[in-house]
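Here is the structure we will look at.
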Amino acid sequence: MLDPALLKNDLETLKLNISRRNLNVDIDFLINLNEERKKLRFEAEQKRSEQKEIGKEIATADDKSKEGLLSQASSISNEVKALFEKVDQKDEEFFNNWVKIPNIISETSPDGKSDSDNLEIKKIGNIKEMKNPRDHLEIASKLNLIDVEKASEVSGSRFAYLFGDLVKIEFNLVSWALNKLSDKGFTPTVPPVLVRENALYGTGFFPDDAEQVYEIPNDDLFLVGTSEVPLAALHTNEILNIKNLPLRYAGFSTCFRREAGTYGKDTTGIFRVHQFDKVEMFSFCDPVKSKEEHEFILSVEEELLQALEIPYRVVDVCAGDLGASAAKKFDIEAWIPSQNTYREVTSCSNTTDYQARRLNIRAKDEGSTSVLHTLNGTAIAVGRILIALIENNQNTDGSVVFSDKVAEIIGVEQLGK
RNA sequence: GGAGGGAUGGCCGAGCGGACGAAGGCGAUAGUCUUGAAAACUAUUGUAUGUAUUCCAUACCGUGGGUUCGAAUCCCACUCCCUCCGCCA
């Protein structure tokens with residue numbers, strides 16, 4: 001949620017943002033609504049004040065004057081009730097509209113409508129020459145390391161069994177990443193993966209992306225699609241001392257996504273599945289330092305990919321491709337030989353104060369309190385890293401051999417042979 | 001799953017219909033004293049909204065409703081925590 005004060009102080013920014021995001025919003029309607037609710041509240045509060053005055057008199061009044069005061073108080077009480085009902089209505093109307101406005105996009109993010117307008121910042125790593133590269137599923141199925149057919153019998157499409165060395169690699173990757181992140185000040189965290197509705201609203205996944213979220217109706221719980229959700233919600237309603245910022249967490253969790261509306265897209269293997277494991281970085285940050293923090297998180301992502309010798313490019317996500325809560329976002333796309341293109345393996349966003357305001361997380365600095373900034377970024381999305389590792393290190397005979405350095409990290413020298 | 005008990009400010013803890021934004025203590029901050037420190041004493045000590053940094057108003061005593069002229073205090077529902085029993089990785 002944006003600061004409603006924008007309607008008063010910085011209309012230009014608001015208008016510019018709405019046009020950059022290609023939205024159609026009636027600003028004047030919102031301005032009026034906001035003014036109206038404030039005016040109504042003021043009236044209601046004045047009446048309330050009157051009521052309290054009389055209440056005090058009643059407490060000390062003698063029996064004679066009491067009766068008159070009581071009837072007077074009674075009618076004021078009714079007025080107050082009616083006035084506040086109106087105020088609540090207006091408030092609700094205003095905020096229902098206001099929360100729908102997405103975050104203000106950073107000045108530095110490129111304009112554009114879709115992911116094809118994203119701006120490539122750099123390319124890193126050597127792409128190996130390959131004749132007819134195989135895709136990860138073909139390679140791993142043959143080696144009995146992945147089984148999607150059995151998984152679809154057991155659980156449906158977009159599920160997979162991982163076996164043997166792939167599982168070994170997964171756990172080595174995770175523990176390697178957690179150690180690295182821990183050295184950089186991230187607290188390793190295993191968060192709950194079932195959360196209440198509120199956490200999803202607070203992080204901006206609800207209401208917009210509600211159709212991507214699995215629901216457990218019996219218990220009013222939802223399966224998270226990323227540990228960003230429980231990590232962000234960790235400090236809900238808290239006031240953090242600015243001296244202790246940034247507070248950094250590295251969350252490991254399984255992630256669940258319905259992938260509604262993606263029929264026919266990425267149907268091969270484990271690129272897009274309903275369930276995968278991920279190490280996620282999350283930072284609660286001093287607002288004036290969030291830009292630096294964003295660069296830092298991006299640099300960590302790059303460091304991990306470089307250590308794994310995965311060729312990648314970094315992309316500055318354009319205005320039209322940003323989610324509601326992001327002010328700026330960098331994606332890293334790894335080279336996927338079988339697709340002859342780069343595909344997303346990590347993503348890091350500066351959500352500025354958008355989530356913090358919804359979750360009511362603030363920072364305290366020498367007496368004054370302000371909203372803080374939150375940022376998130378992928379450290380290791382296990383499935384997609386496995387794909388990149390398998391495909392980029394494949395040989396023509398269907399085996400996969402890793403360099404000594406990579407093998408040291410993942411604990412496996414080769415697949416097959 | 002069954003049976004009980006509880007939720008008050010940064011923390012502990014009183015209040016159980018009217019002057020309560022809330023006693024008292026601890027902690028924190030500032031001052032006095034001291035060469036310096038400690039101790040002692042004094043003062044301050046939540047958050048948010050309203051064009052409102054010291055004045056004013058309003059809201060907030062787990063959350064949401066209700067009763068009442070008036071609710072931290074009474075009633076209802078929910079959430080969370082604790083104890084005991086059962087079950088369980």
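A, B, ... follow the sequence lines: proteins, then strands. Residue 1 opens every chain. Fair warning: this is a prediction, and the values are worked out from it, not measured in the lab.
- As a whole-Å value, the separation of Asp91(A) CG from rU58(B) P is 18 Å.
- Legend: residues meeting side-chain hydrogen bond (donor to acceptor under 3.5 Å, both in side chains) with Arg248(A), ordered by chain and number and at least two apart, are Glu293(A).
- Under 4.0 Å is where a charged nitrogen must lie from a carboxylate oxygen, and between Glu50(A) and Lys47(A) at least one such pair does.
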What N/O pairs connect the protein and nucleotides 69-76 of chain B at under 3.5 Å? Give each pair on its own line.
{"from": "rC69(B)", "atom 1": "O3'", "to": "Ser77(A)", "atom 2": "OG", "distance (Å)": "3.3"}
{"from": "rG70(B)", "atom 1": "OP1", "to": "Ser77(A)", "atom 2": "OG", "distance (Å)": "3.0"}

Cut-off 3.5 Å, no hydrogens considered: what does the side-chain donor-acceptor table look like for residues 138-148 of chain A, sequence neighbours left out?
{"from": "Ser141(A)", "atom 1": "OG", "to": "Leu137(A)", "atom 2": "O", "distance (Å)": "2.7"}
{"from": "Asp147(A)", "atom 1": "OD1", "to": "Glu149(A)", "atom 2": "N", "distance (Å)": "3.0"}
{"from": "Asp147(A)", "atom 1": "OD1", "to": "Lys150(A)", "atom 2": "N", "distance (Å)": "2.9"}

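- On the C1' atoms, rG9(B) is 13 Å away from rG25(B), given to the nearest whole Å.
- In this structure, CG of Asn241(A) is placed 15 Å from P of rA28(B), rounded to the nearest angstrom.
- Regarding Leu83(A), its CG atom lies at a distance of 15 Å from the C1' atom of rA57(B), rounded to whole Å.
- For Lys52(A), taking side-chain heavy atoms from C-beta onward, the closest of the listed nucleotides rA59(B), rG18(B), rA48(B) is rA59(B).
- Annotated as syn: rU51(B), whose O4'-C1'-N torsion sits within 90° of 0.
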Study note, to complete from the structure: A correct dot-bracket answer for RNA chain B, with pairs being Watson-Crick or G-U at under 3.5 Å, [ ] for crossing pairs and | for inter-strand pairs, is ((((((((.[[[..)..(.....]]]((((((.......))))))(((((.....))))).[[[[[..)....]]]]])))))))....
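- Atom CG in Leu240(A) sits roughly 14 Å away from atom C1' in rU47(B) (whole-Å rounding).
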Report, one line per pair, each donor and acceptor closer than 3.5 Å where one atom sits in a side chain of residues 67-77 of chain A; sequence neighbours left out.
{"from": "Ser71(A)", "atom 1": "OG", "to": "Gly68(A)", "atom 2": "O", "distance (Å)": "3.0"}
{"from": "Ser75(A)", "atom 1": "OG", "to": "Gln72(A)", "atom 2": "O", "distance (Å)": "3.1"}

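- No engagement by Lys56(A) is indicated, since no non-hydrogen atom pair under 4.0 Å with the nucleic acid exists.
- Nearer to the 5' terminus of RNA chain B, by closest-nucleotide assignment, is the contact made by Lys8(A) (compared with the other of Lys8(A) and Phe84(A)).
- Here Ser403(A) pairs with Glu309(A) under the side-chain hydrogen bond (donor to acceptor under 3.5 Å, both in side chains) rule; sequence neighbours left out.
- Among the nucleotides rG18(B), rA48(B), rU58(B), the one closest to the side chain of Ser49(A) is rU58(B).
- Side-chain N/O atoms of Thr254(A) and Asp277(A) include a donor and acceptor closer than 3.5 Å.
- Side-chain N/O atoms of Glu391(A) and Ser338(A) include a donor and acceptor closer than 3.5 Å.
- With sequence neighbours excluded, the residues forming a side-chain hydrogen bond (donor to acceptor under 3.5 Å, both in side chains) with Asp316(A) are Lys328(A), listed by chain and number.
- Within the nucleic acid shown, Arg196(A) comes within 4.0 Å of sugar-phosphate atoms alone, with no base atom in reach, counting heavy atoms only.
- Legend: residues meeting side-chain hydrogen bond (donor to acceptor under 3.5 Å, both in side chains) with Arg272(A), ordered by chain and number and at least two apart, are Glu259(A), Asp266(A).
- Sorted by first and then second residue, the salt bridge (charged side-chain N to carboxylate O under 4.0 Å, His left out) pairs with a member in residues 184-213 of chain A read Lys184(A)-Glu303(A); sequence neighbours excluded.
- Rounded to a whole angstrom, the distance from the C1' atom of rU8(B) to that of rG46(B) is 13 Å.
- Atom C1' of rG24(B) sits at a distance of 7 Å from the matching atom of rA14(B), rounded to the whole Å.
- Dashed line: the shortest gap from a side-chain N or O of Arg37(A) to OP1 or OP2 of rU49(B) is not under 4.0 Å.
- Spacing between rG62(B) and rG6(B) at atom P, rounded to whole Å, works out to 14 Å.
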